[in-house]
Amino acid sequence: MVRRIVVALGGNAILTNDPSAEAQKRALDVTAQKLMPLIKDNDTQMVVTHGNGPQVGNLLLQQLGSDSEKNPAMPLDTVGAMTQGEIGFWTVQAFTRAMADAGLSQYPVISAVTQTLVDENDPAFQNATKPIGPFYTEEQLPDIKAQFPNWELMEDAGRGYRRVVPSPRPIEIIEAKAFAPILESGSLLIASGGGGIPVVKDGNGYRGVEAVIDKDFSAAKLAEMVGADELLILTNGGDVFLNYGKPDQVHLEEVSVAEMRGYVDEGRFAKGSMAPKVEAAVSFVERTGKKATITSLDNVENFVKNGAGTKILP
Ligand SMILES: Nc1ncnc2c1ncn2[C@@H]1O[C@H](COP(=O)(O)OP(=O)(O)O)[C@@H](O)[C@H]1O
Ligand SMILES: NC(=O)OP(=O)(O)O
């Protein structure tokens, strides 16, 4: 039976500590190989989505380096689209190679420039929370603030300071309705990269807005809209724990969606890291009655073999 799965890739699937194109391509080659057990049987239709936080911030900085009347810096929505092209291109190449090496379908891997509808009145536009670009130390902060007086900066999960931008909730993945025939044709699809380019309705069309959408929330919406049987969120760390990092931490293996919703509402997960993933997974299961799993990229083989990972069940 054909199974449709949406896989959201965490930061380390693309960017390790070297932001060069070569290093990101190498990381994606490894990622694609690690995902092969998921589609080994050729009856899995897969959509891969990914983040763009580091890349979109770095590309914005590069824009400023050559900003002039003849070569103007591009706005954030456009830069987001550029990262979809960049990461989508690398990801297509990585999966094409990995699938050929694994003796799988030679149908083209496709990367779609994808827009995500958001609400112009989303309160997130008044409260920047999405970290992008490089990390800065506390010592670097005065210089960075002087250089970029319009930036908002925030501490990011104990790892340093980063620029933050608004991150509205996804309402709809505009192109999702067109994805079923692509998947049925045998193509692996890369979509909604970086959460999708945020757009609002504008007359009969759409207009880009300056924000970066959380890729886990958009992955959940994408999974819902393509009728996925399962959402798989792959993180840097791995499975989900209660009391994470404390002596009494508890590994969550199989949790009902009602129980997990309770933990989310009680604020049991860290805001900048695990909370959005669990909330996204919970919303997918609540809205579809299907299953979501949160685990690490390194655990994909075990996930395929024996279902290892934190499973959120309807
Ligand atoms: N309750 C928790 N259970 C497991 N990991 C957690 C928890 N709270 C915070 N984390 C941290 O969240 C990280 C995953 O989030 P993050 O690195 O932001 O994601 P991404 O992989 O999408 O880049 C894990 O590596 C871990 O360090
Ligand atoms: N857009 C997004 O959520 O990117 P990261 O996962 O890289 O932060």
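Side chains are part of it too, since the values below use all heavy atoms of this structure and drop only hydrogens, waters and symmetry mates.
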**Study point:** V300 vs L234 side-chain heavy atoms within contact, under 4.5 Å
**Key:** yes
Exercise for review: Give the minimum heavy-atom separation between D214 and P276, together with the two atoms involved.
Suggested key: OD2-CB, 3.8 Å
Review point. Is W90 reachable from M82 through a run of hydrophobic residues whose side-chain heavy atoms are each under 4.5 Å from the next?
Key: no
**Study point:** R287 atom CZ, over 12 foreign heavy atoms within 6.0 Å
**Key:** no
Check your understanding: Is a side-chain donor or acceptor of K311 paired with a backbone partner of G307 at a separation under 3.5 angstrom?
Key -> yes
Exercise for review: Drop me the distance from L297's CG to F303's CZ, to the nearest 0.5 angstrom.
Suggested key: 12.5 Å
**Study point:** Test: R169 and D122 ion pair at under 4.0 Å
**Key:** no
Check your understanding: In terms of side-chain heavy atoms, does D18 have a donor or acceptor partner in S20 at a distance below 3.5 Å?
Key -> yes
Point to revise | SB check D156 R159 (cutoff 4.0 Å) | key: yes
Exercise for review: Measure from the side-chain N and O atoms of Q115 to the backbone N and O of P198, and report whether any donor-acceptor pair falls under 3.5 Å.
Suggested key: no
**Study point:** Same apolar cluster: M99 and V47, side chain cutoff 4.5 Å
**Key:** no
Review point. So do F125 and D119 actually touch side chain to side chain, heavy atoms under 4.5 Å?
Key: no
Exercise for review: State, with a plain yes or no, whether a side-chain heavy atom of Q63 is found less than 4.5 Å away from one of V79.
Suggested key: yes
Practice item. May I ask you to say whether D43 pairs ionically with R3, meaning some side-chain N is under 4.0 Å from a carboxylate O? Key: no
Review point. Do the side chains of K34 and E301 get nearer than 4.5 Å, heavy atoms only?
Key: no
Review point. Does one hydrophobic cluster hold both I182 and V109, with members joined at side-chain heavy-atom distances below 4.5 Å?
Key: no
Review point. Do the side chains of I294 and L242 join up, straight or via other hydrophobic residues, at under 4.5 Å, putting them in one cluster?
Key: yes
Check your understanding: Within a radius of less than 6.0 Å around CG of N204, do more than 12 heavy atoms belonging to other residues, nucleotides or ligands occur?
Key -> no
Review point. What pairs with F241 under ring-ring contact (aromatic ring centres under 6.0 Å, His included), at least two apart in sequence or on another chain?
Key: H251
Review point. Is F148 atom CZ crowded by more than 12 heavy atoms from other residues, nucleotides or ligands, each under 6.0 Å away?
Key: yes
Review point. Which value, rounded to the nearest 0.5 Å, describes the distance between S296 atom OG and I233 atom CD1?
Key: 13.5 Å
Revision key, fill the gap. Closest heavy-atom pair, Q249 versus G245, reported as atoms and distance to 0.1 Å, is OE1-N, 2.8 Å
Check your understanding: When you look at CD of E138, are more than 12 heavy atoms from neighbouring residues, nucleotides or ligands closer to it than 6.0 Å?
Key -> no
Review point. Quick one: are E279 and F269 in side-chain contact, heavy atoms under 4.5 Å?
Key: no
Review point. When rounded to the nearest 0.5 angstrom, what is the spacing between CD1 in I5 and CG in L35?
Key: 9.0 Å
**Study point:** Side chain to side chain, V226 and I173, heavy atoms closer than 4.5 Å
**Key:** no
Point to revise | Which atom of V285 lies closest to which atom of I312, heavy atoms considered | key: CG2-O, 3.6 Å
**Study point:** Between Q24 and E86, a side-chain donor and acceptor under 3.5 Å
**Key:** no
Review point. Would a hydrophobic clustering, with Ile, Leu, Val, Met, Phe, Trp and Tyr connected at side-chain separations under 4.5 Å, put I144 with L76?
Key: no
Check your understanding: Do D265 and R261 meet the salt-bridge criterion of a basic N to acidic O distance under 4.0 Å?
Key -> yes
Review point. Do side-chain atoms of R163 reach the backbone of E152 as a donor and acceptor pair under 3.5 angstrom?
Key: no
Exercise for review: Check for a donor-acceptor pair, side chain of N52 on one end and backbone N or O of Q55 on the other, with a separation under 3.5 Å.
Suggested key: no
Check your understanding: Can you check whether T114's main-chain N or O pairs, donor with acceptor, with S192's side chain at less than 3.5 Å?
Key -> no
Review point. If you measure from CG on D101 to CD on Q33, what distance do you get to the nearest 0.5 Å?
Key: 7.0 Å
Practice item. Please determine, by modelled atom types, if T116 and E172 share a side-chain donor-acceptor pair under 3.5 angstrom. Key: no
Point to revise | N236 (side chain) donor-acceptor with N12 (main chain) under 3.5 angstrom | key: yes
Review point. Any idea which heavy atoms bring S283 and A220 closest together, and the distance?
Key: OG-CB, 4.1 Å
Practice item. Using modelled atom types only, decide if a donor and an acceptor are shared between the side chain of T78 and the backbone of M74 within a distance under 3.5 Å. Key: no
**Study point:** side chain to side chain donor-acceptor pair (under 3.5 Å) partners of T295, counting only residues at least two apart
**Key:** D239, N299
Review point. Between T293 and K291, does a side-chain contact (heavy atoms from CB on, under 4.5 Å) hold up when you go through it step by step?
Key: CA-CA 7 Å; T293 301; K291 187 172 90 170; 4.1 Å; yes
Check your understanding: What's the verdict on side-chain contact (heavy atoms from CB on, under 4.5 Å) for S111 and F89, showing C-alpha distance, side-chain angles and the deciding distance?
Key -> CA-CA 7 Å; S111 169; F89 164 57; over 6 Å; no
Exercise for review: Taking the side chain as every heavy atom from C-beta outward, state whether T49 and L9 have any atom pair closer than 4.5 Å.
Suggested key: no
Check your understanding: When you look at Q45 and E184, which way does the side-chain contact (heavy atoms from CB on, under 4.5 Å) test go after all the steps?
Key -> CA-CA 7 Å; Q45 297 177 352; E184 282 154 14; 3.9 Å; yes
Check your understanding: Is a donor on one side and an acceptor on the other found under 3.5 Å between the side chain of T44 and the backbone of M46?
Key -> no
Exercise for review: Check the pair S66, N71 against side-chain contact (heavy atoms from CB on, under 4.5 Å), reporting the backbone distance first and the verdict last.
Suggested key: CA-CA 7 Å; S66 60; N71 185 13; 3.5 Å; yes
Exercise for review: Answer yes or no: is there a donor N or O on one side and an acceptor on the other, between the side chain of T288 and the main chain of F284, under 3.5 Å?
Suggested key: yes
Point to revise | Closest non-hydrogen atom pair, V6 against A223 | key: CG2-CA, 3.6 Å
Check your understanding: Mind checking whether I14 and I87 have side chains closer than 4.5 Å, heavy atoms only?
Key -> yes
Exercise for review: Mind listing the closest non-hydrogen atom pair of G238 and M274 along with its distance?
Suggested key: O-CE, 4.2 Å
Review point. Do any N or O atoms from the side chain of D229 and from the backbone of R4 form a donor-acceptor pair under 3.5 angstrom?
Key: yes
